[in-house]
Structure formats: C-alpha cells, structure tokens
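Read through the structure below, which is laid out as structure tokens, and then see the notes.
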Amino acid sequence: MSIRTNLEHIKQLLPADIKLIAVTKTHPVEKVREVYEAGHKIMGENKVQELTDKYENLPKDIEWHLIGHLQSNKVKYIAPFVSLIHAVDSVKLLEEINKQAKKNDRVIPCLFQIHIAEEETKFGLSEEEVTNLISSSISELGNVSIVGLMGMATFTDNKDQIRKEFKGLRTLFERLRQSPLPANVQMKELSMGMSGDFKIAIEEGSTMVRVGSAIFGERNYLNKQ
Ligand SMILES: *Cc1c(COP(=O)(O)O)cnc(C)c1O
C-alpha cells in the first residue's frame, strides 16, 4: 500500500478532533514529502539531528513535534522552530527549554512525559514527580507553556494491560486538570497511542496520536539515513 493510502486509511479511523502526528523517524525526506503532498503537515521525530535535517530540507509550513527523549544540551538546535516537545521529564530540561525559547523570543509548548509502562527503560515522570514539578516554581518560566501529558504504553500484545495504562494516564490528566495549576500549565492535550495501540488510546481519551509504521511501513534501522 502506498503512503498516501495508509495515511487516508488512518485518517478515516480517527475522530475529527484527534490530532495525527505522522512519525517520520528513519524515513527519508522523499517519503515525508509524500505525506506532505497528500495534505498532512504535522510530523514527529524522536531524534534532534533527524529533526533538524528534515526541517531544513522540507517546506517550512510543516509543524514539527519532538516526540522522543531530549537532552538539555540539544534544546538549542530545535528551539527556533519546534511546535511541541512531547517528552519533558525534568525541571532541568524545562529550564533549558525556557532559556532557549527566550533567546528565540518565543514560547515553546511542552508536554510532561509520564511513565506508564511496565518496562523500566522508558523515560518519564511518576505521578508524584509530576505533581511536585507542577507545584514547584515553574510558573516563573515564562517562555514555556505546558499544555498536557504524554505517555507510552508497554510494548505488549496484552490489550487489557495497554488499556489499563492509558486509563491510568487519563485519570492523572483529569485529576491535574481539576486541580489548581500555575498560569503556564494547562491540561488540554493527552498524547497517547502509536500504530499498534492508537485505537485503544482514543477510546481512553487521547487527543493526539503518534503514528509511524502504519503510515510509512516498517522501519529499517540499518538503512536509516
Ligand atoms: C517511534 C515512535 C512512535 C511511532 O511508533 P509506530 O509504532 O511506528 O507508530 C510514537 N511515539 C514515539 C515516542 C516514538 O518514538
């Protein structure tokens, strides 16, 4: 199936108010251009180097999301143009994003990544950590705007487990939404769901899904550019 057909198929499955982020990682610029030419302009990358390369080589009206783990020393490369940083998991990182956003005279929207999976390797904050972070001094960081939460479920065929993890994230999202929040923190977006689990994620209240292989096909890490 062509990229365009895959994209159209996914779009049909998504309710109109759910944002689709086409995850372009490991795929060459020409393939990303196919998605762009099919009318889709929201893309996600998980590595800074690939994100900046693609940004430079593709039309400038693409909305670029950084969906993967971000190291503080690399924030400066994406600060001029990134639309949303999905995986903020420390105050230190948030302070650096604020500093680089200020240099670029802009406000950068971010999500807090919450650890919901069983695997120890996945990044993210615990419920307690995010609560502490929100009640710390982040209201002083005037060049960042927290707009919601992001999470990745365990990589498993067990749908009940995936659903339970998404439900947990949704519950936290609702709880935070109803609690007093600093001026630069809002709970509007819930980024959960990938190719294998986005249908469950939507049923559990996701507002944005990050879909790669269901659009572009399997990734070949050996051939990645
Ligand atoms: C790669 C990636 C995705 C997309 O994964 P697919 O299974 O190919 O849809 C989504 N989110 C993050 C954070 C990723 O790194």
Side-chain angles (χ1 to χ4, degrees), residues 1-14 18-28 31-32 34-35 38 40 42-54 62-71 74-75 78 82-90 93 109-125 147-159 161-163 165-166 169 189-225:
M1 284 229 277
S2 74
I3 289 177
R4 185 183 280 261
T5 315
N6 291 342
L7 177 71
E8 272 154 22
H9 177 67
I10 305 267
K11 282 192 163 169
Q12 274 168 13
L13 296 174
L14 296 180
I18 307 281
K19 209 173 230 189
L20 171 65
I21 295 137
V23 177
T24 59
K25 68 187 187 201
T26 76
H27 299 293
K31 287 198 170 181
V32 184
E34 281 184 49
V35 166
H40 191 77
I42 309 172
M43 315 286 179
E45 266 296 333
N46 73 334
K47 295 219 172 78
V48 166
Q49 179 72 54
E50 260 189 271
L51 180 59
T52 53
D53 286 351
K54 284 181 177 135
I62 292 176
E63 190 183 297
W64 285 105
H65 292 212
L66 186 78
I67 60 172
H69 182 67
L70 175 59
Q71 284 172 294
K74 295 192 175 161
V75 175
I78 60 168
V82 71
S83 286
L84 181 61
I85 297 176
H86 284 235
V88 175
D89 62 0
S90 72
L93 176 58
C110 301
L111 304 175
F112 283 134
Q113 182 175 6
I114 308 297
H115 182 100
I116 57 170
E118 247 180 13
E119 294 114 89
E120 301 239 325
T121 51
K122 297 223 164 121
F123 294 102
L125 300 158
V147 297
L149 305 178
M150 177 268 212
M152 287 169 87
T154 303
F155 187 72
T156 173
D157 290 333
N158 184 342
K159 292 198 159 49
Q161 182 174 352
I162 294 170
R163 188 178 297 280
E165 291 171 359
F166 285 153
L169 183 56
E189 302 291 354
L190 188 52
S191 168
M192 58 183 198
M194 321 195 337
S195 293
D197 57 23
F198 72 86
K199 288 177 204 157
I200 304 175
I202 289 165
E203 287 163 10
E204 297 305 332
S206 171
T207 69
M208 40 172 74
V209 294
R210 311 174 309 269
V211 178
S213 40
I215 297 173
F216 292 98
E218 290 305 313
R219 284 181 288 277
N220 183 345
Y221 284 97
L222 295 174
N223 281 344
K224 88 170 192 209
Q225 47 157 16

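First listed ligand is number 1; within each ligand, the first listed atom is number 1. Values in this document were obtained by computation on a predicted structure and should not be read as measured data.
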By the definition side chain to side chain donor-acceptor pair (under 3.5 Å), identify the one residue from K19, H65, H86, Q113 that meets it with S191. H86

Please list, in number order, the atoms of ligand 1 under 4.0 Å from a heavy atom of G212. 4 (C), 6 (P), 8 (O), 9 (O)

Are E165 and Q161 close enough that a side-chain donor and a side-chain acceptor fall under 3.5 Å? yes

State the atoms of ligand 1, each with its element, that fall below the 4.0 Å cut-off from a heavy-atom position in S195. 6 (P), 7 (O), 8 (O), 9 (O)

Using a cut-off of 6.0 Å, state whether more than 12 heavy atoms not belonging to K11 lie near its atom NZ. yes

What class does the angle between the rings of H27 and F216 fall in, given that below 30° is parallel, 30 to 60° is tilted and above 60° is perpendicular? parallel

A student comparing K25, M194, K47, R210 should find that the heavy atom closest to atom 2 (C) of ligand 1 comes from K25

Carefully, step by step, assess E118 and T154 under the rule side-chain hydrogen bond (donor to acceptor under 3.5 Å, both in side chains). CA-CA 6 Å; E118 247 180 13; T154 303; 5.0 Å; no

In terms of atom number and element, which parts of ligand 1 are under 4.0 angstrom from non-hydrogen atoms of V211? 9 (O)

Which of the numbered atoms in ligand 1 are under 4.0 angstrom from any heavy atom belonging to M152? 13 (C)

